[in-house]
Number of protein chains: 2
Amino acid sequence: MPKHEYSCDCPIIHHEKVESVQKKMLQDPDFAQVTAFFKVLGDNTRLRILWALDQEELCVCDIASVLSMTKSAVSHQLGTLRRANLVKCRREGKTVFYTLADHHVRQILEAGLEHIKEEA
Amino acid sequence: MPKHEYSCDCPIIHHEKVESVQKKMLQDPDFAQVTAFFKVLGDNTRLRILWALDQEELCVCDIASVLSMTKSAVSHQLGTLRRANLVKCRREGKTVFYTLADHHVRQILEAGLEHIKEEA
DNA sequence: AAAACAGTTGAGTGATTGTTCAACTGTATT
DNA sequence: AATACAGTTGAACAATCACTCAACTGTTTT
């Protein structure tokens with residue numbers, strides 16, 4: 001029986017387990033997508049923006065006022081949220097209004113909140 | 001009626017909205033906790049570790065083998081996951097076995113996966 | 001007691017990232 | 001057409017962070 005090749009610095013202790021788990025792992029791109037999704041939520045500013053938009057549709061100035069931040073900083077983060085498909089926007093004259101992309105975002109936000117409340 | 005003080009570079013456009021949303025915002029520590037939680041999930045290595053542990057209880061060497069990483073790198077991330085209460089561990093002789101802290105972690109993982117599948 | 005092994009930990013480093021600053025769109029007003 | 005305003009964007013800087021390396025526990029074996 002041939003030795004297996006390991007690309008880590010460990011002799012494998014539970015070989016069967018490792019093989020079995022390896023089969024059940026997701027594809028790299030899938031992991032990357034899920035990671036990217038959580039990464040977007042893992043920032044204080046973006047989370048507060050999403051929470052604010054969960055209450056009401058708001059323009060960039062409104063959000064900046066709620067968070068006490070500059071328009072520029074907020075706009076950068078809104079860009080990130082847009083690219084991640086977590087928010088939508090519509091222009092009305094000079095003003096751009098933002099809303100949550102869908103109800104799904106709302107659910108995850110509340111799930112996160114529930115999680116930390118349960119911990120306490 | 002007195003002018004309001006703004007700590008951003010914007011004249012507020014929708015004043016009533018801003019006040020109303022501001023009241024509904026969470027306390028800073030609450031946001032910080034939720035952010036920290038998502039931040040832990042927002043890393044490729046940690047997510048893969050959690051996914052692996054979702055399949056089976058594993059020791060550090062096993063995890064390192066599954067991910068093709070060094071024990072040290074994995075151990076560092078396990079430390080982060082432990083501090084965030086996402087995993088538990090038990091020692092058995094020289095070996096330390098890790099498991100998910102609770103079913104709640106499992107749920108959030110799967111919620112994240114469903115989210116990205118719906119997007120496609 | 002000494003060697004071997006599973007795992008942890010601290011310092012250092014390179015990469016990522018959030019905010020600022022300044023310049024820039026695009027739309028509306030005068 | 002010129003000014004003003006809402007918003008965007010790129011470069012630069014500071015802070016954060018994941019991995020490496022080396023030294024270290026703690027447990028078992030000989």
Side-chain angles (χ1 to χ4, degrees), chain A residues 6-15 17-18 31-32 35-36 38-50 53 57-84 87-99, chain B residues 6-15 17-18 31-32 35-36 38-50 57-84 87-98:
Chain A
Y6 310 126
S7 32
C8 80
D9 60 349
C10 314
I12 293 185
I13 304 198
H14 308 92
H15 190 204
K17 276 191 181 182
V18 171
F31 275 122
T35 299
F38 284 128
K39 198 173 287 195
V40 173
L41 296 178
D43 173 80
N44 209 275
T45 300
R46 288 192 292 269
L47 204 72
R48 277 150 68 221
I49 291 176
L50 291 173
L53 294 179
E57 181 186 60
L58 295 170
C59 71
V60 179
C61 265
D62 291 341
I63 299 171
S65 297
V66 170
L67 304 192
S68 300
M69 291 178 64
T70 62
K71 279 179 298 185
S72 176
V74 168
S75 184
H76 273 296
Q77 298 299 8
L78 284 170
T80 301
L81 292 169
R82 248 188 288 118
R83 266 170 260 125
V87 300
K88 283 181 305 190
C89 63
R90 68 180 177 87
R91 179 173 269 263
E92 191 172 291
K94 286 185 286 187
T95 311
V96 178
F97 289 97
Y98 280 85
T99 50
Chain B
Y6 309 125
S7 32
C8 81
D9 61 348
C10 315
I12 293 183
I13 304 197
H14 309 90
H15 190 205
K17 276 190 182 182
V18 171
F31 275 121
T35 299
F38 284 128
K39 198 172 287 194
V40 173
L41 297 177
D43 174 81
N44 209 275
T45 299
R46 287 193 292 268
L47 205 71
R48 278 151 66 220
I49 292 177
L50 291 174
E57 180 186 59
L58 295 170
C59 72
V60 179
C61 265
D62 292 342
I63 299 171
S65 298
V66 170
L67 305 192
S68 298
M69 292 178 63
T70 63
K71 279 180 296 184
S72 176
V74 168
S75 184
H76 274 295
Q77 298 299 6
L78 285 170
T80 302
L81 291 169
R82 248 188 288 117
R83 267 170 260 125
V87 300
K88 282 181 305 189
C89 63
R90 68 179 177 87
R91 180 173 269 265
E92 192 174 292
K94 285 186 286 187
T95 311
V96 178
F97 289 97
Y98 280 85

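Chain A is the first sequence line, chain B the second, and so forth, proteins listed ahead of strands; every chain is numbered from 1.
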Rounded to the Å, how far apart are [X] [atom1] and [N] [atom2]?
X       : N      : atom1 : atom2 : value
A:Leu58 : D:dA6  : CG    : P     : 15 Å
A:Asn44 : C:dG18 : CG    : P     : 11 Å
B:Lys94 : C:dC5  : NZ    : C1'   : 4 Å
A:Leu67 : C:dT20 : CG    : P     : 12 Å
A:Arg48 : C:dG18 : CZ    : P     : 13 Å
A:His14 : C:dA6  : NE2   : P     : 10 Å
B:Glu92 : D:dG26 : CD    : P     : 19 Å
A:Arg90 : D:dT8  : CZ    : P     : 14 Å

Quiz item: Is any side-chain heavy atom of A:Arg46 less than 4.5 Å from a side-chain heavy atom of A:Thr80?
Solution: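 In contact.
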
Has [X] got a side-chain N or O lying under 4.0 Å from the OP1 or OP2 atom of [N]?
X       : N      : value
B:Tyr98 : C:dT8  : yes
A:Thr70 : C:dC21 : no
A:Ser72 : C:dT20 : no

Side chain of [X] - closest among [options]:
X       : options                : result
B:Asp43 : C:dA6, D:dA18, C:dT9   : D:dA18
B:Val96 : D:dT27, C:dT19, C:dT8  : C:dT8
A:Leu78 : C:dT19, D:dT8, C:dA6   : D:dT8
B:Arg91 : D:dT27, D:dC19, C:dT19 : D:dT27

Exercise. Tell me whether B:His76 is stacked on the nucleobase of C:dT8, counting only the six-membered base ring and applying the 5.5 Å and 30° thresholds.
Key: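 Per 5.5 Å and 30° rule: no stacking.
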
Side-chain donor or acceptor of [X] paired with backbone N/O of [Y] under 3.5 Å:
X       : Y       : value
B:Arg90 : B:Glu92 : no
A:Asp43 : B:Thr35 : no
A:Arg48 : A:Val66 : no

Quiz item: Where does the angle between the aromatic ring planes of B:Phe97 and A:His14 fall among parallel (under 30°), tilted (30 to 60°) and perpendicular (over 60°)?
Solution: tilted

Exercise. Please work out if A:Thr95 contacts a base, only the sugar-phosphate, or nothing of the nucleic acid, heavy-atom cut-off 4.0 Å.
Key: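 Sugar-phosphate contact only - A:Thr95 comes under 4.0 Å of backbone atoms but never of a base.
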
Practice problem: Tell me what A:Thr80 touches on the nucleic acid: a base, only sugar-phosphate, or nothing, going by heavy atoms under 4.0 Å. | Solution: nothing

